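Below is one structure, written out as structure tokens; comments come after it.
Everything quoted here is computed from the prediction, not taken from an experiment.
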Amino acid sequence: MIADRRVRNWRVCIVIPTHWDTKMGGAQYQGKAIYERLSAMPDVDVHFIGRRIRAESLADPCIHNA
């Protein structure tokens, strides 16, 4: 499990065609859960890349429109 390991300077990119604010299916739910969990961890640089992202979500500097 990730909680059992020491995380140092990880860089993670989550790529899903649609953002969870636009459509909430299984892939979007999992992407959101992973994004939120990793974003809360120190020393983890996590980014999301997708299409059809609302402007409000793009205010987060780690969410990028493809």
Side-chain angles (χ1 to χ4, degrees):
M1 289 177 76
I2 197 167
D4 298 333
R5 298 182 185 167
R6 291 202 81 117
V7 177
R8 291 188 184 161
N9 302 322
W10 279 16
R11 297 180 82 193
V12 179
C13 182
I14 300 168
V15 181
I16 301 174
T18 54
H19 189 260
W20 51 83
D21 281 346
T22 306
K23 177 182 176 183
M24 183 58 89
Q28 290 78 17
Y29 179 77
Q30 289 178 23
K32 179 182 179 191
I34 292 168
Y35 179 81
E36 289 175 349
R37 172 75 174 162
L38 291 177
S39 294
M41 299 177 78
D43 299 328
V44 177
D45 184 23
V46 60
H47 291 265
F48 175 88
I49 297 175
R51 292 181 300 232
R52 294 180 286 199
I53 301 173
R54 291 186 181 164
E56 303 86 41
S57 298
L58 288 172
D60 183 339
C62 296
I63 296 180
H64 311 281
N65 202 1

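- Counting heavy atoms from C-beta outward, Met24 and Lys32 have side chains that approach closer than 4.5 Å.
- Judged by distance alone, the side chain of Gln28 and the main-chain N or O of Gly25 form a donor-acceptor pair under 3.5 Å.
- Listed by first and then second residue, the salt bridge (Lys or Arg N to Asp or Glu O under 4.0 Å) pairs that reach into residues 46-66 come to none, sequence neighbours excluded.
- With sequence neighbours excluded, the residues forming a side-chain hydrogen bond (donor to acceptor under 3.5 Å, both in side chains) with Asp21 are Ser57, listed by chain and number.
- For the atom pair Leu58 CG and Ile53 CD1, the distance stands at 5.5 Å (nearest 0.5 Å).
- The side-chain contact (heavy atoms from CB on, under 4.5 Å) search around His47 returns Asp45, Cys62, His64, not counting sequence neighbours.
- Both Trp20 and Ile14 are members of a single hydrophobic cluster when ILVMFWY side chains are connected at heavy-atom separations under 4.5 Å.
- Linking Ile, Leu, Val, Met, Phe, Trp and Tyr whenever their side-chain heavy atoms come within less than 4.5 Å leaves Ile49 and Ile34 in two separate clusters.
- A continuous path of ILVMFWY side-chain contacts below 4.5 Å connects Ile16 to Val12, so both sit in one hydrophobic cluster.
- One hydrophobic cluster, built from ILVMFWY side chains closer than 4.5 Å, cannot hold both Tyr35 and Val15; they sit in different ones.
- A distance of 9.5 Å separates CZ of Phe48 from CG of Asn65, quoted to the nearest 0.5 Å.
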